[in-house]
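Written out below as structure tokens is the structure these notes cover.
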Amino acid sequence: MLRIGPLTLKTPLLLAPIAGHCDLPFRLLCREQGGVGLASTDLLNSRAILNGSAKTLELAATCPADDPCGMQLYGNGDDPLPEAACWAVDHGARLIDINMGCPVDKVAKKHGGSLLLRDCSATTNLAERIVKAVERHSGGRVPVTAKMRLGWDAEHFVAPRLARDLESVGIQAVTVHGRWTVQFFSGKADWARIGEVVSAVRNIPVIGNGDITEPMHVISLLRETGCHGVMIGRGALRTPWIFRLAWELLQMPTPDPALLREPSVTDKVSMIHRHLELLRSHNYSERHALHMMKLRMAWYGKSIPNGKLLRESFRIAMSLREMADALSAFGRTSAAGIRETSPSTIGGAPPERPTTLTGTCLSFL
Ligand SMILES: Cc1cc2nc3c(=O)[nH]c(=O)nc-3n(C[C@H](O)[C@H](O)[C@H](O)COP(=O)(O)O)c2cc1C
């Protein structure tokens, strides 16, 4: 359980926003796998929301099964962030998150994201305006949070001070991705510095983020930093069931990864079928859905023996029907004899580095 102001999450495990990936069907899929306490939309441009941009409204889509859903906004002090936050409250957001970590030029050069780490006082003022607007608009029902990096670079470790200042103006939780802006996604997340942010705040929860690829890493991050919740990004793209397994570990008196059971190949094939179904039922165009599933298979394939074959079938598929057929054929072959994934893949080995996604995923911004 994790409390963020008035919101109580069933588990302290959060699905990270990953632009171009964590859309509504994927959030629902992770939730159905179990263990997700909160999932959020990817970053949404405050102006585009208020202008009614069709692309942004699609990204902001949620539904009752996607509850509780956070909506993440980005912008700078000149943008209508308070107004966009009120719009989000009216459109199903149970939490508003301010993006203070996006390193991509298109965002961080002038619009916000990591740019907000460069002037902490201005950012705190902006956060205060958003908090006040949301408090008034939602009657105190919807908390406002911030997701930040450690700082722009190693000479500017601003996260502890910024988190404390944000708390003083009513921000109700901070998520800290343990990298500098200049690192983008390279190198290793610095968990020790996340711990320094935990020590800096007074009462609000800190959610640690970065390089969680195995359920046991959740336990390690909580123990090493004292953080209150854990956000998982790329690890969930490969293994959307990671939340359920991590939640099982968290409930064991002595967490033991050997007691966990990874889904079988048959389970994984069913999950991918389900993802196709979710894309169809949420009215994504065939073209967009095909594109999404090709991206997805690049990740899912990594956790399936002979997943390369499936990846190739998806790469050349011209329709969702073809994908579903390829999946069914693969499932039959697996059931007929291909050895299923060994449960030993679950161990608590040190974090491996997730594959870096390309910036092209942000091309819609
Ligand atoms: C392609 C890509 C897109 C991302 N989009 C967002 C985003 O929209 N909002 C955000 O706060 N973080 C975004 N992130 C950062 C992740 O939420 C997360 O902080 C980062 O990937 C580290 O966590 P992980 O190691 O669990 O993936 C993105 C990361 C990647 C790789």
Side-chain angles (χ1 to χ4, degrees), residues 13-24 26-27 30 36 38-46 48-49 55-56 59-60 69-75 95-108 111-117 145-150 159 173-181 183-191 193-194 197 206-215 217-218 220-221 225 227 229-240 242-243 246 292 295-296 298-299 302 350-365:
L13 303 170
L14 291 82
L15 171 64
I18 296 202
H21 292 264
C22 295
D23 55 10
L24 178 58
F26 185 66
R27 297 199 299 273
C30 290
V36 175
L38 182 87
S40 296
T41 65
D42 295 334
L43 81 177
L44 307 169
N45 181 306
S46 54
I49 282 187
K55 191 95 194 165
T56 305
L59 290 171
C69 174
M71 291 198 192
Q72 191 190 60
L73 306 174
Y74 79 93
L95 173 151
I96 304 293
D97 188 50
I98 311 170
N99 183 309
M100 302 187 183
C102 183
V104 174
D105 278 358
K106 217 167 173 176
V107 173
H111 289 298
S114 263
L115 188 68
L116 301 189
L117 301 175
T145 61
K147 179 164 178 282
M148 62 179 71
R149 288 182 176 237
L150 301 174
V174 292
T175 301
V176 185
H177 172 195
R179 283 189 177 81
W180 311 106
T181 302
Q183 280 182 283
F184 279 67
F185 299 97
S186 65
K188 200 172 159 196
D190 187 340
W191 289 0
R193 293 204 195 237
I194 297 176
V197 182
V206 173
I207 295 149
N209 168 240
D211 296 353
I212 303 289
T213 54
E214 300 283 348
H217 298 163
V218 168
S220 310
L221 181 61
T225 65
C227 68
V230 174
M231 180 178 275
I232 307 176
R234 290 163 294 173
L237 297 184
R238 187 168 61 99
T239 55
I242 190 169
F243 302 95
M292 288 306 297
L295 279 179
R296 294 256 69 94
W299 289 87
K302 291 178 198 192
E352 70 186 59
R353 296 295 148 209
T355 313
T356 303
L357 298 184
T358 62
T360 55
C361 303
L362 293 159
S363 59
F364 63 87
L365 289 169

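Ligands are counted one by one from 1 in listed order, and the atoms in each one are counted from 1 as well. For clarity, every value in this text was computed on a predicted model and none was experimentally measured. The basis for the numbers below is simple: all heavy atoms, side chains too, and nothing from hydrogens, waters or symmetry mates.
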Counting only nitrogen or oxygen atoms and a 3.5 angstrom limit, does [X] reach ligand 1?
X      : value
Phe185 : no
Gly235 : no
Ile232 : no

Any idea which part of [X] is under 4.0 Å from ligand 1, heavy-atom wise: side chain, backbone, both or neither?
X      : answer
Asn209 : side chain
Gln72  : side chain
Leu43  : both

Would His177 and Phe185 count as a side-chain contact (heavy atoms from CB on, under 4.5 Å) here? Give the steps. CA-CA 10 Å; His177 172 195; Phe185 299 97; 4.1 Å; yes
Apply the side chain to side chain contact (heavy atoms under 4.5 Å, CB included) test between [X] and each candidate in [options]; give the one that qualifies.
X      : options                    : answer
Ile232 : Leu237, Asn209, Ile212     : Ile212
Leu38  : Leu14, Leu15, Leu13, Asp97 : Leu14
Leu73  : Asn99, Ile49, Leu43, Ile98 : Ile49

Check for me whether Gly101 has a heavy atom closer than 4.0 Å to any atom of ligand 1. no
With respect to atom 15 (C) of ligand 1, which of Arg179, Lys147, Met100 exhibits the smallest heavy-atom separation? Lys147
Intermediate values then yes/no, side-chain contact (heavy atoms from CB on, under 4.5 Å), Val206 and Val176: CA-CA 7 Å; Val206 173; Val176 185; 4.1 Å; yes
[X] neighbourhood, listing ligand 1 atoms whose heavy-atom distance to it stays under 4.0 Å:
X      : value
Asn99  : 9 (N), 10 (C), 11 (O)
Arg234 : 21 (O), 22 (C), 24 (P), 25 (O), 26 (O), 27 (O)
Ala16  : 17 (O)

So how far is it from Trp191 CH2 to Leu221 CG, rounded to the nearest 0.5 Å? 5.0 Å
Residues in side-chain hydrogen bond (donor to acceptor under 3.5 Å, both in side chains) contact with Asp190, at least two apart in sequence or another chain: Arg193
Would you confirm whether Arg149, through its side chain, and Phe184, through its main-chain N or O, come within 3.5 Å as a donor-acceptor pair? yes
